[in-house]
Amino acid sequence: MISVQILGQVSICAGTARANANGSKMWTVATMLASHPNTFVSIDRLVDEVWEHDPPVSAVANIRTYVSGLRRVLGPASGRISGQRTGYRLELDPSELDLSQFERLVGEGRTALGNGRPAESALSLHRALTLFPGPALVGVRTGGALTGVAGMLAEQRLSAMDDLYSAELALGHHADMVSPLRRHVRAHPLRERGWAQLMVALYRCGDPAAALAAFGQARAVLITELGIEPGVHLRSLQQAVLRRAAELDLPGGASSPISPAPISPAPIAPGSINETRTSPPHELPRTTQWFTGREGHLMDIQRAFDRADRMPPVIAIHGPSGTGASTLAIRAAHERADAYPDGLLYLDMRESGRSLTASEAAHRLLATLDPAATGGRVFARLRSALNGQRVLIMLDNVSDAGQVAPLMPSSSGVALLIASGRMLSALDAHHVSVGRFTPLESFALLRAVAGAARVDADPEAAASVTVACGHLPTAIRIAGGRLASRPEWSVADLAHRLRDDRTRLDELCISELSVRSCLARNYEALTGGRDDVDEPAHRFLTELGEHPAAAIYLPDVAAHLNTSTRDAEATLMRLVDVGLLDVTAPGRYAPAPLVREFAKELSALDLGSR
């Protein structure tokens, strides 16, 4: 049994022995493996993390030495490190890594809070934050990747603290929360949720003047630091304080959850599903500040909403992972939010590597809308809860039509917005297809993320970067993020790094965002075995990396697979459907950008497993 800690002082406990990180290069390698548990980490990524700009000639040999040192630290558990010629993997059970335990407890706390159980939520979140008392990755020299990991972990910790404060406020502990919340907003003055929670705590302590003063402080900070006014929720909360709105109080002193978004001042109609909540649910993820290149699609979606008339609008946006179908759906939902005052619901239909069933999704949506609903069939109860309401529901990462068909709305005031990796042609919906960007759209996104002056200074290198990214929006977003985090790099430096197809996928990775993960999600669509052509499509993809020609011809594939032209075409079109192949002409295909590099990795793994 081993225990690995990265939330705070990095350390490894193996049996009775404990070793703490001491700033050595071995611990950088150890932390890279621990922060990506059960995941293959290439030697190239490890070298880049340890030395960043100027690795020695012996870098690869040194990495192997550091891994040997880590195996000695693990002692009898050294077999947890599995190695291949090009990298390593550290096998860890969730109970052995503090980060996994933290994420589990936070998830439990958020679920309990959303389901109206603040006491249970506060307990889980307290336990989570006990595991994460301060900065992560202490004792480790971090390069680009681990700096990103540390930033991501810091954000997760702050988000958990926000949820804990919401649970404590829902329990009526507003007096106890004033001082912690004041410290919180001083440390993180740009987080509007903290200011909103402080305003609620002060108001419930009988001090509306202090609550309004807190709003004034928040507004001054946001204008000074960001040049923007407070968001709509913070402004709505200010108006609710001015009106001494009843929904700001804990009803009858009972425990009532404070939603993640600040409280809306809108009056609650008698008999509404929101009658027992302080505000309608607002679960939409944040929209990106770099939204670009999809303005035409956005107009099409808005027209579909307007044309719905008496029928509930159902809009299905589809595109392979990395093309931004979810980003477009979230943006469209935010732009339409004002038309749905009774709730904005969001549900990720993929969880822990599996797809939710329609029944599971209905239970979760119903728990948000009307936790007291009992009896009867869940789909009927959900329709009853939605009847007469103006609610927008977004379902993300939908895998097939069967997941959502039973959830199709029947009330005219309800809208359903779907994001999927494939076209759900069986659904009676307005279908919107997104693909890769045009060169101009790619340039605009890179310019927005990396900085206009920097990109405009070398447009030729910028064009080279977007071509290397295959005009895939996520890839360009990552490339721009890498430039933004590396002010010492020129755009030409990044273009040079992306030129090598052996390491291109390693370069297109920042924090938890990576092109390899996007391609893996597209590839996973072939591993479920639901379509007859999945197995030959999967087999052909693993061989694609070694295919020397740029073009793939249908007769050649039929001969290679020893099948009919019709079956070969079905196989190739399956790969087209999941975004791994392009049709360039009738009977002629080509790998989608960056897919050949991914296919080479699949081929190497396939050979290694034989």
Side-chain angles (χ1 to χ4, degrees), residues 107 110-111 114-116 273 281 283-285 301 304-305 308 311-321 325-326 328-330 332-333 340 342-433 521-522 524-532 534 577-578:
R110 286 177 178 155
T111 299
N115 291 336
I273 58 172
E283 301 177 341
L284 293 177
I301 293 168
F305 273 109
M311 289 293 292
V314 179
I315 301 165
I317 304 170
H318 67 274
S321 181
S326 296
L328 174 59
I330 291 167
Y340 297 94
D342 295 322
L344 304 169
L345 307 186
Y346 173 88
L347 184 59
D348 191 334
M349 298 293 284
R350 187 161 180 81
E351 181 181 84
S352 301
R354 72 174 187 92
S355 295
L356 298 180
T357 65
S359 178
E360 289 173 322
H363 275 290
R364 297 192 185 193
L365 293 171
L366 189 60
T368 300
L369 289 166
D370 189 2
T374 58
R377 295 169 299 168
V378 66
F379 298 118
R381 281 187 282 143
L382 178 60
R383 286 192 291 271
S384 295
L386 289 169
N387 186 44
Q389 303 299 314
R390 292 201 59 80
V391 173
L392 186 149
I393 302 172
M394 179 181 165
L395 302 179
D396 204 357
N397 293 315
V398 172
S399 61
D400 58 56
Q403 268 188 301
V404 295
L407 305 173
M408 297 280 277
S410 57
S411 300
S412 60
V414 180
L416 180 60
L417 197 55
I418 299 164
S420 175
R422 60 191 299 189
M423 184 173 182
L424 308 175
S425 53
L427 289 183
D428 181 12
H430 179 81
H431 296 278
V432 178
S433 176
R521 284 194 290 273
N522 294 337
E524 285 172 6
L526 304 177
T527 61
R530 284 177 291 190
D531 290 349
D532 293 338
D534 280 356
D577 288 343
V578 297

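None of these values were measured; they are calculated from a predicted model. Note that the numbering runs from 1 along the sequence shown for the chain.
Nearest heavy-atom pair across M349 and T357 is CE-O, 4.5 Å. Closest non-hydrogen pair, S355 versus E360, comes out as O-OE1, 4.4 Å. Contact record, D428 with M408: O-CE, 3.4 Å, taken as the closest heavy-atom pair.
The distance from the CG atom of L395 to the OG atom of S420 is 10.5 Å, given to the nearest 0.5 Å. Summarising the geometry, atom CG belonging to L386 is positioned 4.5 Å from atom CG belonging to L382; distances are rounded to the nearest 0.5 Å. The CG atom of L328 sits 8.0 Å away from atom CG of L417, with the distance rounded to the nearest 0.5 Å. Separating the CD1 atom in I315 from the NE2 atom in H430 is a distance of 6.5 Å, to the nearest 0.5 Å. With rounding to the nearest 0.5 angstrom, the CG atom of L344 is 12.0 Å from the CE atom of M394. Distance check, rounded to the nearest 0.5 Å: CD1 of I418 to CD1 of I393 gives 10.0 Å.
Contact check for S359 versus V378: side-chain heavy atoms found under the 4.5 Å cut-off. Residues L356 and R364 have side chains in contact (heavy-atom distance under 4.5 Å, counting atoms from C-beta outward). The shortest side-chain heavy-atom distance between M423 and D577 does not fall under the 4.5 Å cut-off.
Contacts of N397 classified as side-chain contact (heavy atoms from CB on, under 4.5 Å), with partners at least two apart in sequence or in another chain: S326, D348, R350. By the side-chain contact (heavy atoms from CB on, under 4.5 Å) test, A415 is found to be paired with F305, P313, Y340, L392, residues two or more places apart in sequence or in another chain being considered.
The main-chain N or O of S399 is found under 3.5 Å from a side-chain atom of Q403 such that the two form a donor-acceptor pair.
With V398 as reference, L424 is the one residue of L427, L347, L424 to meet the side-chain contact (heavy atoms from CB on, under 4.5 Å) rule.
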